[in-house]
Amino acid sequence: MSATPDVTRAPLRELVAAVRATAAAVRGGDPVSAPEPRLERSRRAGQGDYSTNAAMLLAPVLRAPPAEIATRLASELAHALGDDLERTEVAGPGFLNLVLSDRWHRRTLRLVLDAGERYGAGHAEDPERILIEFVSANPTGPLVAASGRHAAYGDALARILEYHGHEVSREYYFNDAGSQIRLLGESVKARAEGEEVPAGGYRGDYVGELATEIEGVSELDPERVAALAVELLLGRIKATLARYQVRFDRFFSERTLHQGSPSELERVLSLLRDAGHVYESEGAVWLRTTRFGDDKDRVVIRSSGEPTYLAADVAYLQDKRERGFQRQLMPVGADHHAYVRELRAAMSALGGDAETVEVPILQFVHLVEGSERAAMSKRRGEFVTLDELLDEIGVDATRFFMLQRSHDRTLDLDLDLARRESSENPVYYVQYAHARIASMLRRLTAERVQRAIGGDSGWGEAELHASERELIKQLAQFPDEIAEAAQRRGPHRIAVYSLELAQSFTAFYRDCHVVGATPEPVESFRIALSVAAQRTIAASLSLLGVGAPEAM
RNA sequence: GCCCCCGUAGCUCAGCUGGAUAGAGCGACGGCCUUCUAAGCCGUGGGUCGCAGGUUCGAGUCCUGCCGGGGGCGCCA
């Protein structure tokens, strides 16, 4: 991505490098392998700012007590870090705690500010071209609240991967062919003619609406009705997604895979046939997925001659691959998890690497109101649409709540809490911290703020308040949080981080007066720190697709 | 029966791929507005990390087995 100078990137990187270099020096040329030492944020006061487990890892290699090794590490590290290091202490089973100086804290703030709007961005070590396919709900009804989790997850993950330095495309794959669509057409037609919808058909109120929206339904054949209904429903889905701040680069139609002669689907099937992974049995065509770890083979062409959904999905898989994506992410609901094995097997059969097909499993969402649980399924008329949820609690709260929890856990979304516009509601708490900084900075001229950020008049030498140090360490953490969220496909880490950052800022705000602080260098430093906090809160929220208001 | 996810405070959940005395929010209880937004802050109480073994200097985290909850095992998508 951008060619940012290394020094403005991750403040903690040089600290980690120093620790590792020191550990290597103490260790000497011993060839026995040992894990790389870690640098961890200390959890409680009295254990320094950071601590390393290096001595405990080296103990078995050097056959010496951890405490003794830690002492040697300490003197090496003191040499390497110079004035950045206040002191070290050996503690517990052999931890080496580092207490960093105010000089280090000021320097770290400098690095954060110098990185500007791109702080924390572009750290991916192996940038890839990634395609993320998400939501992909069939256009047989409006998006339901559960889709809100998929949409928020995929969108936030895409933003995070992009920020981290990958090249990301987002696609929505929709089924506009096949039995479900046929059923939709028949359902609409039946509704228009006042007849009973077919077994397993669609019954929601929207079906009736479609019946009136489509002119002359009764004269049209079901197939035509289905096509028009899909068009209308897809339009609504797109509108909901746009409102939800979710962007797609492309909506991919399944139908296009069936068109032409040979169709894309037929072409991919013959690739598989040539590779010897396809056979006929019981009048159907099968893909030998068992060769690649599946527990049974899968039908691709039914005995009726119709292709299965899997056949189309495999064609789509190959299409994406041929478009040059090195990795495909396709988050799906927990009810589709068995599908992972089939897809990966198909990728192997196509001669690709199954590891490049990643399918994060998203667990279910329960809407909770008091002790009531609202049903989320698309069956019957009883479901909450995403639009209804957005009407109820707003875009920001919905996204934040959907992203707050790890995607592989079922989620209880508390509507009472989400509706509240107070600090009890985590999303407002974070936004409030941002607005508060904006409000504070409005009391100053732009020139004053610029001068403070630039450090033109200096930041002084005064001893820093514990809250100032804490906030700086929290800011220093940001690049690592992004790297973790990206690598582990876990956007919820950013939501958790944004809360912690807001808390750190609020503590600083409580303890340290900013505007009017004396002497002037102290005011400058605190203004600069506030700006860094504001930018980083804004960046975190932006990665979640949540707004960062200037005022509340 | 087999496979996948999950059991952490009254509730909802974090816990950075093995580290020190297990954290946050909500709820409960008590306190704080003549200074930059009280949409805020401070304090109190609250735990056999489902159970039992194992691995090791060290386990909420890794392994095995049980118990409990959810999901999946179609020529449906």
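Owing to the predicted nature of the structure, the values given are computational and were not obtained by experimental measurement. Each chain gets a letter, A, B and so on, in the order the sequences are listed, and its residues count up from 1.
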When the distance from CG of A:L257 to P of B:A77 is rounded to whole Å, what number comes out? 14 Å
Could you check whether any side-chain heavy atom of A:S179 comes within less than 4.5 Å of a side-chain heavy atom of A:R182, counting everything from C-beta outward? yes
Ignoring hydrogens and angles, answer whether the base of B:U17 and the side-chain atoms of A:R488 contain a donor-acceptor pair closer than 3.5 Å. no
Basic-acidic side-chain contact under 4.0 Å: A:R493, A:E500: no
Counting primed atoms plus P, OP1 and OP2 as sugar-phosphate and everything else as base, spell out the protein contacts along nucleotides 69-76 of chain B at 4.0 Å heavy-atom distance: B, S or - for each nucleotide, 5' to 3'. --BS-SBS
Under 4.0 angstrom, heavy atoms only, what part of the nucleic acid is A:A435 near: base, sugar-phosphate, or nothing? base
Checking all strands, does A:A91 fall into the base, sugar-phosphate, or nothing category for heavy-atom contacts under 4.0 angstrom? base
Separation between the C1' atoms of B:C16 and B:G31, rounded to whole Å: 35 Å
Output a table of nitrogen or oxygen pairs between the protein and nucleotides 7-10 of chain B separated by less than 3.5 Å.
| unit_1 | atom_1 | unit_2 | atom_2 | d |
| --- | --- | --- | --- | --- |
| B:G7 | OP1 | A:R409 | NH1 | 2.7 |

Atom-to-atom span, CG of A:L417 to C1' of B:C13 - whole angstrom: 12 Å
Return the value, rounded to whole Å, for the distance between atom NE2 of A:H407 and atom P of B:C13. 15 Å
Can you tell me which nucleotide in B:A38, B:C36, B:G19 comes closest to the side chain of A:R436? B:A38
For A:E223, I'd like to know if atom CD has over 12 heavy atoms of other residues, nucleotides or ligands within 6.0 Å. no
Within the structure shown, what part of the strands sits under 4.0 Å from A:V514 by heavy-atom distance: base, sugar-phosphate, or nothing? base
Can you tell me how far P of B:U17 sits from CG of A:L57, to the nearest Å? 13 Å
Close side-chain approach of A:F401 to A:P426, heavy-atom, < 4.5 Å: yes
Distance check needed: B:G58 P versus A:E40 CD, whole Å only. 18 Å
Do we count A:H513 as stacking onto B:U35 if the rule is ring centres under 5.5 Å and planes under 30°? no
Looking for any heavy atom pair under 4.0 Å, which part of the strands does A:A59 touch: base, sugar-phosphate only, or nothing? nothing
Could you check, using the six-membered ring where one of them is a Trp, whether A:H465 and A:F508 have ring centers closer than 6.0 angstrom? no
Nucleotide nearest A:H492 when distance is taken to its side chain, options B:A77, B:A14, B:C36: B:A14
Quick test of your reading of the model: are A:R41 and A:E470 salt-bridged, counting only N-O distances below 4.0 Å? yes
Short side-chain N/O contact from A:Q503 to OP1 or OP2 of B:G25, under 4.0 Å: yes
Side-chain touch A:L12/A:F478, heavy atoms, less than 4.5 angstrom: no
Which residue lies more 5' along RNA chain B, comparing A:Q477 with A:S51 via nearest heavy atoms: A:Q477
With salt bridge (charged side-chain N to carboxylate O under 4.0 Å, His left out) as the test, would you mind laying out the steps for A:R451 and A:E520 before giving the verdict? CA-CA 11 Å; A:R451 196 148 47 81; A:E520 192 187 305; 2.9 Å; yes
Take atom C1' in B:G43 and the same atom in B:A59, then report the distance between them in whole Å. 33 Å
Using the six-membered ring for Trp and the full ring for Phe, Tyr or His, decide whether A:F95 stacks on the six-membered base ring of B:A20 (centres under 5.5 Å, planes under 30°). yes
Would you confirm whether the ring centroid of A:H407 sits within less than 6.0 angstrom of the ring centroid of A:Y153? yes
Between B:C73 and B:C29, how far apart are the two P atoms, rounded to whole Å? 47 Å
A:Y172 and A:F134: aromatic ring centres closer than 6.0 Å? no
N or O in side chain of A:R38 less than 4.0 angstrom from B:G18 OP1/OP2: no
Determine the interatomic distance between P on B:U21 and the same-named atom on B:G60; round to the nearest Å. 11 Å
Classify the nucleic acid contact of A:S42 as base, sugar-phosphate or nothing, counting any heavy atom under 4.0 Å across all strands shown. nothing
A:R510 CZ to B:C36 P, in whole Å, measures 16 Å
Are any of the side-chain heavy atoms of A:D176 and A:R255 separated by less than 4.5 Å? yes
Between A:R443 and A:P307, whichever has its closest RNA chain B nucleotide further toward 5' is A:R443
For nucleotides B:C3 and B:C66, find the distance between their P atoms and express it as a whole number of Å. 11 Å
Does the side chain of A:Y497 get closer than 4.0 angstrom to OP1 or OP2 of B:G15 through an N or O atom? no
Any donor-acceptor pair, under 3.5 Å, between the side chain of A:S406 and the base of B:A14, if you only look at N and O atoms? no
What interatomic distance, in whole Å, is found between P of B:C62 and the corresponding atom of B:G45? 32 Å
Would you indicate whether the side-chain heavy atoms of A:R448 and A:S524 approach each other to under 4.5 Å? yes
Tell me whether A:E89 is salt-bridged to A:R87, with the criterion being a basic N under 4.0 Å from an acidic carboxylate O. yes
Do A:L15 and A:Y50 have side chains that approach each other closer than 4.5 Å (heavy atoms only, starting at C-beta)? yes
Stem list for RNA chain B, please, built from Watson-Crick and G-U wobble pairs under 3.5 Å and keeping only runs of at least 3. B:1-7 with B:67-73, B:10-13 with B:23-26, B:28-32 with B:40-44, B:50-54 with B:62-66
Take atom C1' in B:G25 and the same atom in B:C67, then report the distance between them in whole Å. 30 Å
Could you tell me whether a side-chain N or O of A:E342 sits under 3.5 Å from a main-chain N or O of A:R298, the two making a donor and an acceptor? no
Chi-based syn or anti call at B:C16, which uses purine or pyrimidine torsion atoms and a 90° bound: anti
Whole angstroms only, please: what is the CZ-C1' distance between A:R405 and B:G25? 7 Å
Conformer about C1'-N of B:U17 - syn within 90° of 0, anti elsewhere: syn
Spacing of A:R41 atom CZ relative to B:G19 atom P, expressed in whole Å: 16 Å
Provide the distance between the two C1' atoms, one in B:U55 and one in B:G65, to the nearest whole Å. 15 Å
Given B:U12, B:C6, B:C16, the nucleotide with the shortest approach to the side chain of A:D412: B:U12
